[in-house]
Amino acid sequence: MLKVTIDGTEIEVEPGTTVLQACEQAGVEIPRFCYHDRLSIAGNCRMCLVEVAPGPPKPAASCAMPVSDGMEVKTNSEMVVKARRGVMEMLLINHPLDCPICDQGGECDLQDQALYYGLDRSRFAENKRAVSDKDFGPLIKTEMTRCIHCTRCIRFATEIAGVEELGATGRGEHMEIVTTVGKAITSEMSGNMIDLCPVGALTSKPFAFTARSWELRKAESVDVLDAVGSNIRVDTLGAEVKRILPRLNEDVNEEWISDKTRFAYDGLMRQRLDRPYVRRGGKLTAASWDEAFTAIAGRIKELDPTAVAAIAGDLCDCESMAALKDLMAALGSPHIDCRQDGAKIGRDARAAWLFNSTIAGIDAADACLIIGANPRFEAAIINTRLRGRWARGGFPIGVIGEDADLTYPTTHLGPGPETLSAVAEGRHEFCARLDDARRPMVILGSGAVARADGAAVLFAARAVAERFGCVGDDWNGFNLLQRAASRVGGMELGVLPGDGGRDVGGILAGAKSGEIGLVWLLGADEIDMTGLGDAFVVYQGHHGDAGANRADVILPGAAYTEKNATYVNTEGRVQRALAAHFPPGEAKEDWAIIRAFSAVLGKTLAYDSIDALRARMVESNAIFGALDAVVGAPWAAFGAAGDMDRAPFVATIDNFYMTDPISRASVTMARCTESLARGAEKTGTDG
């Protein structure tokens, strides 16, 4: 440990610590623009100047200077104060000072630091420099005249996002931040540059001029557009979501979120179901809640309990799935399933459906085998973790499946099950890399286990994990990468077929043959609606997507920003989301709809509050009582030995920007899709 004195207080720090980091440990705030904890050190802005002894008789950049034993640091001396004022005066020489019309106003580092460390006047009288704005795509609005050349955006694109599409041209006053060959940024993480920008040079294009930051009401929530469970903050003005920002959670998303998470919120206001509908004469017509419930109850009473089935969709919260399961049990029907994609995972072992290493555990792994997955599009935040681990070195990554650009180098081993069998039997050259690893990990895509031979694929992946030491006393590197936010929660609740019950495929086959007379779709939009045949369909959800178009009765539910709800992410972490605003029109929280219907049916569920329902969830599975924690899964046998189809593993996501009813209703995501298509055409033409 090194001893350093900061403003008269002596502290001990680790070797290699910078002066800025040492000051933070001592509780002394150092202003900065270019420095960021998760980016490489640039030393561009010089705002972090301090006085150091022994050392040169001039201020030193604290972000780039390592601590030495016995060093004395002064952060508020006359020299430092004067130097910081000079730096701030120079930074503002060309800044347009247009704070009243800047979307960064009220949240701007430059504003705050100019107030506390700057002067109240400037000696500069010449004309200011003007810089033309750049096209960063449909998500980021540029005002490059405001840019102070901190290069945070360049370093983020290169180091974190892994897409080297930003750079600087020119020198000194003529320096500009530009995109390569004038094209838009194609990273699915690009929106994080808005948060990183310390001035108003990069702002949100969809949010531009719609609200001021101090007008917004803020609520802590959880993203449901993938299975990562990114922690987010939902900012609303009245009944409308104005923006979504990340919340810091080192164990899940650090401080990043994907562009879909950040920008798809405008889909919450479009194609919404805001009142019940009943199909009369082949046409859906508006109805009251009583009329809708009566229509459903009348149909159920005509049927045998075994002719009623339910499917839970990808965005469902745990409370609604628990209530639906209890309703089906009260009816006496065993036909219920949360595996909308038909995944061949069952009740045999929790480890089969979890990301067992945990997301943060990626940092401890030293080799990786990806099977039938594209983490860049299926779980962008996890892909960022993988890239960060690769950047530190000593992390060979092999891929079985499509040879896609994951933003980091990989070794493509083969396209499908034949390669998986070779690895499981130790016949592939990549096996040597797995043998040498102390903590290898396997990432199996959920699409690979949703195939007809999914159980055999799962068995083979488990064989790989066991053969190469992925599972031990202090390490479990077997991971199933889920794509649906509801999947792990549904599995933990046991939203699965009961004795003699049908899975999703069986329900659709039964509906087509007439054996299933009523199907309750709880936000299930990704199934083949033509397979429902002539069955009576109840759709409970929040968007007029595929399920609503097929429905005979529509029950309007609440979207994820409109309800207090519980979600379980791919690693099994239980998280709570708070309602940011009320659902539109007559829409209600989903669990409350099911509870109200159970009373109409004469089979009233045994809870009438969300707290009572959550207590019921804890009774069924204790993990729901361990909030924001991962309860490890014991290792056990899962999958089924058998022949695997020779067909290669294929991508499950064709368009990252449109994967669910919310993002499909988003105009911003449509623009991203269009921009991506144009970019592909341009690349093809240029090539």
Side-chain angles (χ1 to χ4, degrees), residues 18-21 23-24 29-50 59-65 83-99 102-118 128-134 136 140-161 163-180 185 187 189-204 245-246 254-256:
T18 65
V19 173
L20 187 149
Q21 291 169 333
C23 290
E24 287 185 336
E29 182 179 351
I30 302 295
R32 84 290 299 268
F33 290 114
C34 67
Y35 176 82
H36 191 276
D37 292 340
R38 303 187 196 278
L39 303 177
S40 61
I41 295 172
N44 291 340
C45 70
R46 320 307 284 183
M47 194 64 203
C48 64
L49 295 174
V50 295
S62 62
C63 69
M65 174 171 282
R84 288 176 181 168
R85 285 178 175 173
V87 169
M88 182 60 71
E89 185 179 7
M90 190 168 68
L91 287 174
L92 294 176
I93 281 177
N94 287 309
H95 196 78
L97 303 180
D98 53 357
C99 302
C102 178
D103 277 311
Q104 195 86 339
E107 301 174 316
C108 178
D109 292 347
L110 186 62
Q111 277 185 332
D112 296 340
Q113 294 184 41
L115 173 65
Y116 288 104
Y117 303 104
K128 290 179 180 283
R129 174 199 62 182
V131 181
S132 61
D133 292 334
K134 310 300 186 293
F136 280 18
I140 300 176
K141 180 176 181 289
T142 60
E143 291 283 349
M144 301 312 291
T145 302
R146 300 171 184 161
C147 179
I148 62 171
H149 304 158
C150 71
T151 70
R152 280 186 179 182
C153 55
I154 296 175
R155 284 175 285 149
F156 174 85
T158 302
E159 299 165 11
I160 307 295
V163 179
E164 298 184 17
E165 295 179 344
L166 279 181
T169 61
R171 293 172 61 85
E173 183 175 295
H174 301 290
M175 177 178 171
E176 294 186 28
I177 308 298
V178 298
T179 58
T180 56
I185 299 172
S187 171
M189 299 288 289
S190 65
N192 293 289
M193 297 179 194
I194 297 168
D195 297 335
L196 287 173
C197 185
V199 296
L202 305 180
T203 56
S204 170
L245 300 176
E254 297 176 299
E255 58 190 272
W256 318 122

Chemist: Holding to side chain to side chain contact (heavy atoms under 4.5 Å, CB included), I want the full list of residues that pass it with Ala42, two or more places apart in sequence or in another chain.
Modeler: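 Residues passing side chain to side chain contact (heavy atoms under 4.5 Å, CB included) with Ala42: Asn44, Thr151, Arg155.
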
Chemist: Quick one, Cys147 with Val131, criterion side chain to side chain contact (heavy atoms under 4.5 Å, CB included). Give me CA distance, side-chain angles, the key distance, then yes/no.
Modeler: CA-CA 9 Å; Cys147 179; Val131 181; over 6 Å; no

Chemist: Heavy atoms, side chains only, cut-off 4.5 Å: are Phe156 and Leu166 in contact?
Modeler: no

Chemist: Side chain to side chain donor-acceptor pair (under 3.5 Å) with Ser190: which residues, sequence neighbours excluded?
Modeler: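 Once residues adjacent in sequence are excluded, the partners of Ser190 under the side chain to side chain donor-acceptor pair (under 3.5 Å) criterion are Asp259.
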
Chemist: Just to verify, what does Ser40 make a side chain to side chain donor-acceptor pair (under 3.5 Å) with, not counting sequence neighbours?
Modeler: Glu159

Chemist: Test of understanding: with side chain to side chain donor-acceptor pair (under 3.5 Å), list the residues that count as partners of Glu165, not counting sequence neighbours.
Modeler: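 By the side chain to side chain donor-acceptor pair (under 3.5 Å) rule, Glu165 matches Thr186.
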
Chemist: Quick check on side-chain contact (heavy atoms from CB on, under 4.5 Å): which of Ile30, Thr18, Val19 does Cys48 satisfy it with?
Modeler: Ile30

Chemist: Identify the two heavy atoms, one from Gly43 and one from Cys34, that lie closest to each other, and give their separation to 0.1 Å.
Modeler: N-SG, 3.8 Å

Chemist: Might you point out which heavy atoms bring Cys45 and Phe33 nearest each other, and give the distance in Å?
Modeler: SG-N, 3.4 Å

Chemist: Going by the salt bridge (charged side-chain N to carboxylate O under 4.0 Å, His left out) test, which pairs reach into residues 39-48, not counting sequence neighbours?
Modeler: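 For residues 39-48: none.
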
Chemist: Find the distance between NZ (Lys134) and CG (Leu202) and round it off to the nearest 0.5 Å.
Modeler: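 Reported value, rounded in 0.5 Å steps: 11.0 Å.
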
Chemist: Under the rule for side chain to side chain contact (heavy atoms under 4.5 Å, CB included), what residues qualify as partners of Glu107, not counting sequence neighbours?
Modeler: Ser213, Arg233, Arg243

Chemist: Considering residues at least two apart in sequence or located in another chain, which fulfil the side chain to side chain donor-acceptor pair (under 3.5 Å) criterion with Gln113?
Modeler: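 Gln113 satisfies side chain to side chain donor-acceptor pair (under 3.5 Å) with no residue once adjacent residues are dropped.
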
Chemist: Show the nearest heavy-atom pair for residues Glu176 and Ser132, with the distance to one decimal.
Modeler: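 Closest pair (atom of Glu176, atom of Ser132, distance): OE1-OG, 4.4 Å.
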
Chemist: Considering residues at least two apart in sequence or located in another chain, which fulfil the salt bridge (charged side-chain N to carboxylate O under 4.0 Å, His left out) criterion with Arg32?
Modeler: Glu24

Chemist: Show the nearest heavy-atom pair for residues Gly106 and Gln111, with the distance to one decimal.
Modeler: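 Between these two residues, the closest heavy atoms are N-OE1, 3.0 Å.
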
Chemist: Just distance, no hydrogens or angles: give the donor-acceptor pairs under 3.5 Å from side chains in residues 84-96, sequence neighbours left out.
Modeler:
residue: Arg84; atom: NE; partner: Leu49; partner atom: O; Å: 3.3
residue: Arg84; atom: NH1; partner: Thr75; partner atom: O; Å: 3.2
residue: Arg84; atom: NH2; partner: Leu49; partner atom: O; Å: 3.2
residue: Arg84; atom: NH2; partner: Thr75; partner atom: O; Å: 3.4
residue: Glu89; atom: OE1; partner: Arg123; partner atom: NE; Å: 3.4
residue: Glu89; atom: OE1; partner: Arg123; partner atom: NH2; Å: 2.7
residue: Glu89; atom: OE2; partner: Arg123; partner atom: N; Å: 2.9
residue: Glu89; atom: OE2; partner: Arg123; partner atom: NE; Å: 3.0
residue: Asn94; atom: OD1; partner: Arg129; partner atom: N; Å: 2.8
residue: His95; atom: ND1; partner: Arg146; partner atom: O; Å: 3.2

Chemist: Might you point out which heavy atoms bring Ile41 and Cys63 nearest each other, and give the distance in Å?
Modeler: CD1-O, 3.1 Å

Chemist: Which value, rounded to the nearest 0.5 Å, describes the distance between Glu255 atom CD and Leu245 atom CG?
Modeler: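 If we round to the nearest 0.5 Å, Glu255:CD and Leu245:CG are 12.0 Å apart.
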
Chemist: Is the count of non-hydrogen atoms from other residues, nucleotides or ligands lying under 6.0 Å from Glu164 atom CD greater than 12?
Modeler: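 It does not: Glu164 CD has 12 such atoms or fewer within range.
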
Chemist: Using the test side chain to side chain contact (heavy atoms under 4.5 Å, CB included), find all partners of Asp133 that sit at least two apart in sequence or belong to another chain.
Modeler: Thr142, Glu143, Met144

Chemist: Not counting sequence neighbours, which residues clear side chain to side chain contact (heavy atoms under 4.5 Å, CB included) with Glu254? List them please.
Modeler: Arg38, Glu250, Trp256, Arg385

Chemist: Which heavy atom of Ala168 sits nearest a heavy atom of Ile154, and at what distance?
Modeler: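 For Ala168 versus Ile154, the nearest heavy atoms are N-CD1, 3.9 Å.
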
Chemist: Could you measure the distance from the CG atom of Leu97 to the CG atom of Leu110? Nearest 0.5 Å is fine.
Modeler: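 That separation rounds to 8.5 Å.
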
Chemist: Extract all donor-acceptor atom pairs below 3.5 Å that involve side chains of residues 192-199 and protein atoms in other chains or at least two apart in sequence.
Modeler:
residue: Asn192; atom: OD1; partner: Ile257; partner atom: N; Å: 3.1
residue: Asn192; atom: OD1; partner: Arg262; partner atom: NH2; Å: 3.1
residue: Asn192; atom: ND2; partner: Met189; partner atom: O; Å: 2.9
residue: Asn192; atom: ND2; partner: Ile257; partner atom: O; Å: 2.9
residue: Asp195; atom: OD1; partner: Arg262; partner atom: NH1; Å: 3.2
residue: Asp195; atom: OD2; partner: Arg262; partner atom: NH1; Å: 3.1
residue: Asp195; atom: OD2; partner: Arg262; partner atom: NH2; Å: 2.7

